[in-house]
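Worksheet for the structure shown next.
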Amino acid sequence: MSASPERPVRVRFAPSPTGYLHIGGARTALFNWLFARKHGGTFILRVEDTDQKRYVPDSEQDIKDNLRWLGLTWDEGPDVGGAHGPYHQSQRSDLYRQWADWLVEHGYAYRCNCTAERLEDLRKQQEASKQTPGYDRHCRDLHLGAEIGEHVVRFQMPLDGETTINDLIRGPISFRNADLQDLVLLKSDGLPTYHLANVVDDHFMEISHILRADEWIATAPLHAQLYAAFGWEMPQIAHLPVILSPSGKGKLSKRDQAFQDGTMKVLVQVREYRRAGYLPEAVVNWLTNIGWAFGDDREIFPVAESIPRFDLANVNPAGGKLPFEKLEWLNGQYMQMLSVEDLAARVRPFFEQAGLAVDDDRLRRLVPLIRERIKTLPDAVEMAGFVFLETVTLEDPKQLVQKGMDAAGTVAALRAAHETLAGLAAFSAAAQEPPMRQLCEALGLKPGQLFGAVRVAVTAQQVSPPLFETMEIIGQATCLTRIRAAADRLEQLYG
RNA sequence: GCCCCCAUCGUCUAGUGGCCCAGGACGUGGCCCUCUCAAGGCCAAAACAGGGGUUCGAAUCCCCUUAGGGGCACCA
């Protein structure tokens, strides 16, 4: 039953199109992808669309788009094809049916026509009498034929003995067969359950290693028994640790959308990370570091460098929570590493979405100023959107008044600044600073007071990129207009 | 209830019997730098869940307890 070590590495990510790509799913995909790349193997995408009830039409597209966004491209699967297709389980029904029949014929499975009502009653009884819930094997020895009409096919689990799974991360895990269920393999709609489909597909797609979330551990012995019944070699298997909800209750996968946990925004779907302005390379770096460590005490590493180091033997079996604060930091680090060109291109759509008319020259000059001040792409809009605005308006002119100053003094300071700045022949930051500092002394103000008032006048914000560089980008005329307007308004209202 | 996984700072982790009175990172606090905010630099607080073994020696191996998690579907 153990796989031959020399078997070519072929791994798969097999999502079900019942929802958008989840961050936990992305992590599973990432580890599969890393494993494949490490071993020069093949990474396969397989769509497990056998649940018609929960099918979400645009979820497959979302899954594919976001895998690509993360750079987790597949070598075989939808859109790219391959020699082991089709890669949608809904197109492989005949195969599953054929092998389900084979199991029945060979005494490894049986037909069952127990009704949903009977199963429901059974479960209620078992709960009432505090018994372990599960199918009572009513039809197991009835040898029902195909003529019974609507029915399912159940696996005939051996009643004694043990099944041992050799998990690559956890070592051997044993189960008493008597504790295992006669699970449904083929549903009454003729489609397979996960258990049958994944075994048949993994076999015919020549999957060498199964890397999946650890919620599958409990059904692994069933899968092992299926391989044994078919007489097929079982792939090597490893169960990846789950990602837990930061709120401390349950696994994250139970929530399917972003939610608020205290002061922290918890993002769940990959599309939410994308929209929130995280860089895919930062997300990948972050995800790689949950359950696995690069080594050498390094926290920041490009994916290309983690490939040769990746090893299942170093995967931590314990589940963990997503460290969101670390993503914020990592994202900031990655943004600092990007070229001006690159960051400008990435930040541009966010300005546009905010309805701002982006000027390329200004944007390129702005990027170095905001690069180390933003954590996510849309932060740039909040920090420096005023650069692309014709006029800015202050909610309350009182905001111009800095600590230790009054309205009259502020008006005077602004007018003095206006005069100083208006007198400059060149409006570069370097040209602005010395006379403005002299002005501080002349007015008896601290730099923070004068510059603060000018900052608010020019940007309508208390916080901005460095003042002189910012004014240089905005331009002399616009700055002067804004300073005068601010002084006028303050004087009018509080003078 | 039954079966299974799992357990190092608040969080992500390093540690595969002596190099560990436990290292890194995020976050937190302090200081420095400073036109705001950041970034950066320096410093600090902060963990081997508990109890038994094994061993000359245990964070590392074994057992029990406890905590957390998963599963017990005609969902994946």
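Since this is a predicted model, take the numbers as computed values, not measurements. Proteins get letters first, then strands, A, B, ... in listed order; numbering begins at 1 in each.
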Side-chain N or O of A/Thr219 closer than 4.0 Å to phosphate OP1/OP2 of B/C72:
no
Over all strands shown, is A/Val184 touching base, sugar-phosphate only, or nothing at heavy-atom distances under 4.0 angstrom?
sugar-phosphate
For the side chain of A/Asp297, starting at C-beta, report the closest nucleotide among B/C5, B/A73, B/G24.
B/G24
Under 4.0 Å, counting only non-hydrogen atoms across every strand here, what does A/Gly291 touch: a base, just sugar-phosphate, or nothing?
sugar-phosphate
Specify the separation, in whole Å, of atom CD of A/Glu433 and atom P of B/C35.
8 Å
Presence of A/Arg154 side-chain N/O under 4.0 Å of B/C74 phosphate oxygens OP1/OP2
yes
Determine the interatomic distance between P on B/C61 and the same-named atom on B/G18; round to the nearest Å.
12 Å
Centre-to-centre under 6.0 Å for A/Phe451 and A/Phe468, is that the case here?
yes
Of the nucleotides B/U13, B/A73, B/U36, which has the atom closest to the A/Arg123 side chain?
B/A73
Is a donor-acceptor contact shorter than 3.5 angstrom present between the side chain of A/Thr132 and the base of B/C2?
no
Looking at A/Arg298, does any N or O in its side chain come under 4.0 Å of the phosphate oxygens OP1/OP2 on B/G24?
no
Centre-to-centre under 6.0 Å for A/Trp74 and A/Tyr87, is that the case here?
no
Between A/Tyr273 and A/Asn66, does the side chain to side chain donor-acceptor pair (under 3.5 Å) criterion hold? Intermediate values first, please.
CA-CA 10 Å; A/Tyr273 287 83; A/Asn66 285 299; over 6 Å; no
Does a side-chain N-to-carboxylate-O contact under 4.0 Å join A/Arg346 and A/Glu281?
yes
As its Watson-Crick or G-U partner within any shown strand, both distances under 3.5 Å, B/G27 has none
Please report the distance separating the P of B/C43 from the corresponding atom of B/C26, rounded so that it comes out in whole Å.
14 Å
More than 12 heavy atoms of other residues, nucleotides or ligands under 6.0 Å from CD of A/Glu441: yes or no?
no
For a quick check of understanding: with a heavy-atom distance under 4.0 Å over all strands, which category does A/Gln333 fall into, base, sugar-phosphate or nothing?
sugar-phosphate
Touch check for A/Asn314, heavy atoms < 4.0 angstrom, all strands: base, sugar-phosphate only, or nothing?
base
Select base, sugar-phosphate, or nothing to describe what A/Ile173 touches, counting heavy atoms under 4.0 Å on all strands.
sugar-phosphate
Considering just the side-chain nitrogens and oxygens of A/Lys326, establish if one lies under 4.0 Å of OP1 or OP2 belonging to B/U13.
no
Closest to the A/Leu244 side chain, choosing from B/C37, B/G69, B/C26
B/G69
Does A/Arg170 contact B/C5 through a side-chain donor or acceptor facing the base, at a distance under 3.5 Å?
no
So which nucleotide from B/C35, B/A14, B/U11 ends up closest to the side chain of A/Arg437?
B/C35
Please measure how far the C1' atom in B/G24 lies from the corresponding atom in B/C2, and state the result in whole Å.
42 Å
Rounded distance (Å) that lies between atom P of B/C2 and atom CG of A/Asp179
11 Å
Rounded to whole Å, please give me the gap between CG in A/Leu287 and P in B/U13.
11 Å
Let me know the distance between CG of A/Asp51 and P of B/C74, rounded to the nearest Å.
12 Å
Rounded to whole Å, how long is the line connecting atom CZ of A/Arg455 with atom P of B/C37?
9 Å
Below 6.0 angstrom between ring centroids: does that apply to A/Trp286 and A/Tyr278?
no
Between A/Met383 and A/Leu180, which is nearer to the 5' end of RNA chain B once each is assigned its nearest nucleotide?
A/Leu180
Atom CD1 of A/Ile165 and atom P of B/C3 are separated, to the nearest Å, by 18 Å
Under 4.0 Å, heavy atoms only, any strand: does A/Pro192 hit a base, just the sugar-phosphate, or nothing?
sugar-phosphate
A/Lys53 vs B/A76: side-chain N/O to OP1/OP2 distance below 4.0 Å:
no
Output the single nucleotide from B/C26, B/A76, B/C35 whose closest atom is nearest the side chain of A/Glu325.
B/C26
With the side chain of A/Gln336 defined as its heavy atoms from C-beta on, choose the nearest nucleotide among B/G27, B/G1, B/A39.
B/A39
Quick one: label A/Asn198 by what it contacts on the DNA or RNA (base, sugar-phosphate, nothing), any heavy atom closer than 4.0 Å.
nothing
In terms of side-chain heavy atoms of A/Trp329, which of B/C74, B/G27, B/C3 is nearest?
B/G27
Which residue lies more 5' along RNA chain B, comparing A/Ser464 with A/Val315 via nearest heavy atoms
A/Val315
Regarding A/Pro466, tell me which of base, sugar-phosphate or nothing describes its non-hydrogen contacts under 4.0 Å with the strands shown.
base
Taking any heavy-atom pair under 4.0 Å as a contact, classify A/Gly452: base, sugar-phosphate, or nothing.
nothing
Roughly how many Å apart are B/C72 and B/C9, using the C1' atom of each and rounding to a whole number?
36 Å
NA contact type, A/Arg371, heavy-atom cut-off 4.0 Å: base, sugar-phosphate, or nothing?
nothing
Categorize A/Pro465 for me: base, sugar-phosphate, or nothing, with a 4.0 angstrom heavy-atom threshold over every strand shown.
base
With sugar-phosphate meaning primed atoms plus P, OP1 and OP2, does A/Thr18 contact a base, only sugar-phosphate, or nothing at under 4.0 Å between heavy atoms?
nothing
Charged N to carboxylate O under 4.0 angstrom, A/Asp296 versus A/Arg309?
yes
I'd like to know if A/Arg46 pairs up with A/Asp202 as an ion pair, taking the criterion as any Lys NZ or Arg NE/NH1/NH2 lying under 4.0 Å from an Asp or Glu carboxylate oxygen.
yes
When we call it a touch if two heavy atoms are under 4.0 Å apart, what does A/Trp286 touch: a base, just sugar-phosphate, or nothing?
nothing
Using a 4.0 Å heavy-atom cut-off, does A/Pro317 contact any base of the nucleic acid, only the sugar-phosphate backbone, or nothing at all?
sugar-phosphate
Counting side-chain heavy atoms from C-beta on, which of B/C35, B/A76, B/C72 comes nearest to A/Phe468?
B/C35
Quick one: A/Asn285 CG to B/U13 C1', roughly how many Å, whole number?
13 Å
Candidate nucleotides B/C6, B/C74, B/C37, ranked by approach to the side chain of A/Ser188 - the nearest
B/C74
Expressed in angstrom and rounded to an integer, what is the separation of A/Arg118 atom CZ from B/C74 atom P?
12 Å
Any A/Lys321 side-chain N or O less than 4.0 Å from OP1/OP2 of B/G68:
no
Counting heavy atoms from C-beta on, name the nucleotide in B/G1, B/A14, B/C4 closest to the side chain of A/Pro133.
B/G1
With no angle test and no hydrogens, is the base of B/G24 tied to the side chain of A/Glu299 by a donor-acceptor pair under 3.5 Å?
yes
With a 4.0 Å cutoff (strictly under), does any side-chain N or O of A/Lys446 reach OP1 or OP2 of B/U34?
no
Is the distance between the ring centroids of A/Tyr110 and A/Phe155 less than 6.0 Å?
no
Applying the Watson-Crick and G-U wobble criteria at under 3.5 Å, what pairs with B/C33? Answer none if nothing qualifies.
none
Carboxylate-amine/guanidinium proximity below 4.0 Å for A/Asp121 and A/Arg118
no
